[in-house]
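Chain letters run A, B, ... following the sequence lines, proteins first, then strands; residues in each count from 1.
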Number of protein chains: 2
Amino acid sequence: MTVAEVAAEVGASRRTVLRDISALRDEGFIIHTDPGRGGGLRLDPGSIQTTVRFSVIEVFALLISVETMRAAGNLPFSSLADAGLAKLEKALPSDKVRDLRRFLDCLYIGKMAPQVDLSDLGTMDPELLPAFETAFLQHQYLRFQYRDAKGSVTRREVEPQAMLILPPVWYLVAWDPDRNDFRHFRMDRIRQPECIEDRFFRRRYVPFKEQVSQVRRM
Amino acid sequence: MTVAEVAAEVGASRRTVLRDISALRDEGFIIHTDPGRGGGLRLDPGSIQTTVRFSVIEVFALLISVETMRAAGNLPFSSLADAGLAKLEKALPSDKVRDLRRFLDCLYIGKMAPQVDLSDLGTMDPELLPAFETAFLQHQYLRFQYRDAKGSVTRREVEPQAMLILPPVWYLVAWDPDRNDFRHFRMDRIRQPECIEDRFFRRRYVPFKEQVSQVRRM
DNA sequence: ATCAATGGTGCCATATTTTGGCACCATAGC
DNA sequence: GCTATGGTGCCAAAATATGGCACCATTGAT
């Protein structure tokens, strides 16, 4: 298109369109121009940028998802996804980036344990991530309802110490003060999670043995 | 904080700050106010929205990553990630959404084949996704350099028919006209991909057998 | 060589939008 | 009742965007 055509289309003057083009170039759009008779404007489609607005927790969820995928060695087209990730992370306020790092420090990934029963694999409670965010970062106790493999439901009150992924199952690794030992809880079996103001200290969690690596970032 | 304090901090008038607060509320920020002596403003931290600008191909890469993760049954905190995904998809121009769907139609995921040698697992060529986008959506031939398991390098010219994920390895499934059969190419062994204008017809690809499902969306 | 069609820039008056100040209202605590 | 707070309507002033004009550079057609 020529500048005059664009101006007619949007109902602005030639001068304004030229100014807008200059502004768009400053914003990163790549617009080729050909002067002279038969010339005009060409917008590089690859340079089109779309604007997305996220809440902080959404960025958090996306980053954790993709980081986990990377840790599983399963991130395709990584340099492009990386660029997107970098933008996501840059969008987070700096204190939230610190939180994210600390959260990822608690995240471990391993191979699937072959003997796990997947027939009843459910979805996680939507409140789980916000609850984890508080529980892990503030070292607060977590109280929840847990349905074990046999179907019996109990109420637990534990110290969240780590998260363990044995794809496709996610586990909460927590110190159970009642039983004085670590326990693994399948996240899809947790309901009604809530944090308790009381604080605890972090314990040393040694994941099973080999075959488990930490989802680290930078 | 009080409005007067905010005004002093940002160097604007009380009136302007009040106008800006009203605008922020229109944008979805949740700001509680307490009138009367000792009152002031309180910003709900959960309502903070950050603005991120993506190129179309970055959105594409992120969506493919997360969709694949979902197909692998490995998407944690899904309702929150979903909200982020929905925003990402909404940010795509509608013709690109159609492209994305068609691209995902070509994507299959299965269990890891246990006998694969992962010692030389490399990273994909950054040009691979843009090349795939053209090759799969325009049904164009793909030409590339391929280094096989023995290390010998050949040049190929094939019809891209599907992508197969056997985590953590990604394969291009393509019809090789020279050999008159389907061939599987590990994506991390592909270099210098480029599309050729010639078109081909889609062939019926039947992935191995069971254990492989399609990464479908909606 | 000349001419017309194109992008591009500088300048300035005009149009539009934003800002600041003021008066005033409602509410809550002292 | 007084004071400190958020909130609104109004209007003039300040800031910004727009449109018009003159003019330059480049390119292709005549």
Side-chain angles (χ1 to χ4, degrees), chain A residues 1-59 87 90-96 130 134 197, chain B residues 1-59 87 90-96 130 134 197:
Chain A
M1 292 184 82
T2 71
V3 173
E5 284 165 4
V6 174
E9 181 143 345
V10 302
S13 68
R14 197 181 88 100
R15 187 69 188 84
T16 301
V17 170
L18 280 163
R19 257 191 293 248
D20 290 349
I21 287 171
S22 171
L24 285 172
R25 286 210 249 248
D26 291 345
E27 298 269 322
F29 288 78
I30 296 168
I31 300 170
H32 304 279
T33 53
D34 304 302
R37 195 160 188 161
L41 306 170
R42 280 176 298 122
L43 170 62
D44 175 358
S47 74
I48 295 176
Q49 306 242 324
T50 54
T51 308
V52 194
R53 305 187 44 153
F54 292 111
S55 73
V56 172
I57 194 95
E58 285 165 357
V59 177
K87 287 184 180 176
K90 220 171 101 187
L92 277 181
S94 61
D95 56 328
K96 286 289 174 181
T134 309
E197 285 293 340
Chain B
M1 293 184 80
T2 70
V3 173
E5 284 166 5
V6 174
E9 181 142 343
V10 302
S13 69
R14 197 181 88 97
R15 186 70 189 84
T16 301
V17 170
L18 280 163
R19 258 191 292 246
D20 290 350
I21 287 172
S22 170
L24 286 173
R25 284 209 250 247
D26 291 344
E27 298 269 322
F29 287 78
I30 296 168
I31 301 170
H32 304 280
T33 54
D34 303 302
R37 196 161 187 163
L41 305 170
R42 281 176 298 122
L43 170 62
D44 175 357
S47 74
I48 296 174
Q49 306 244 324
T50 53
T51 307
V52 193
R53 304 187 43 150
F54 292 111
S55 73
V56 172
I57 193 95
E58 284 165 357
V59 177
K87 286 184 182 178
K90 219 171 101 186
L92 277 181
S94 62
D95 57 328
K96 285 289 174 181
T134 308
E197 286 292 341

Value in whole Å for how far the [atom2] atom of [N] lies from [atom1] of [X]:
X     : N      : atom1 : atom2 : value
A:E5  : C:dA5  : CD    : P     : 13 Å
B:I31 : D:dT5  : CD1   : C1'   : 16 Å
A:D26 : D:dA17 : CG    : P     : 13 Å
A:R42 : C:dT6  : CZ    : P     : 15 Å
B:L24 : D:dG6  : CG    : P     : 15 Å
A:I21 : C:dT9  : CD1   : P     : 11 Å

Output the distance between atom [atom1] ([X]) and atom [atom2] ([Y]), rounded to the nearest 0.5 Å.
X     : Y     : atom1 : atom2 : result
A:I31 : A:D44 : CD1   : CG    : 10.0 Å
A:I30 : A:R42 : CD1   : CZ    : 12.0 Å
A:I57 : B:I48 : CD1   : CD1   : 12.0 Å
A:T50 : B:E58 : OG1   : CD    : 8.5 Å

N/O (side chain, [X]) to phosphate O (OP1/OP2, [N]) under 4.0 Å:
X     : N      : value
B:R19 : C:dG21 : no
A:T33 : C:dT6  : no
B:S22 : D:dG7  : no
A:S13 : D:dG19 : yes

field: A:K87 versus B:S55, closest heavy-atom pair with distance
entry: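 That would be NZ-N, 4.0 Å.
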query: Which comes earlier along DNA chain C counting from the 5' end, the contact point of A:L18 or that of B:V17, where each point is its nearest nucleotide?
result: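 Nearer the 5' end of the strand: A:L18.
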field: A:R15 (side chain) and C:dG10 (base): donor-acceptor pair under 3.5 Å
entry: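 Donor-acceptor pair under 3.5 Å: yes.
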query: With distance as the sole criterion, do the side chain of B:R37 and the base of D:dG6 form a donor-acceptor contact below 3.5 Å?
result: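 Result: no qualifying N/O pair found.
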message: Judged by each residue's nearest nucleotide on DNA chain D, which is more toward the 5′ side, A:P35 or A:R14?
response: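 The residue closer to the strand's 5' end, by nearest nucleotide, is A:R14.
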- prompt: With nearest nucleotides of DNA chain D determined for A:G36 and A:D20 from heavy-atom distances, which residue corresponds to the more 5′ nucleotide?
  reply: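 Going by which nucleotide is closer to the 5' end, it is A:D20.
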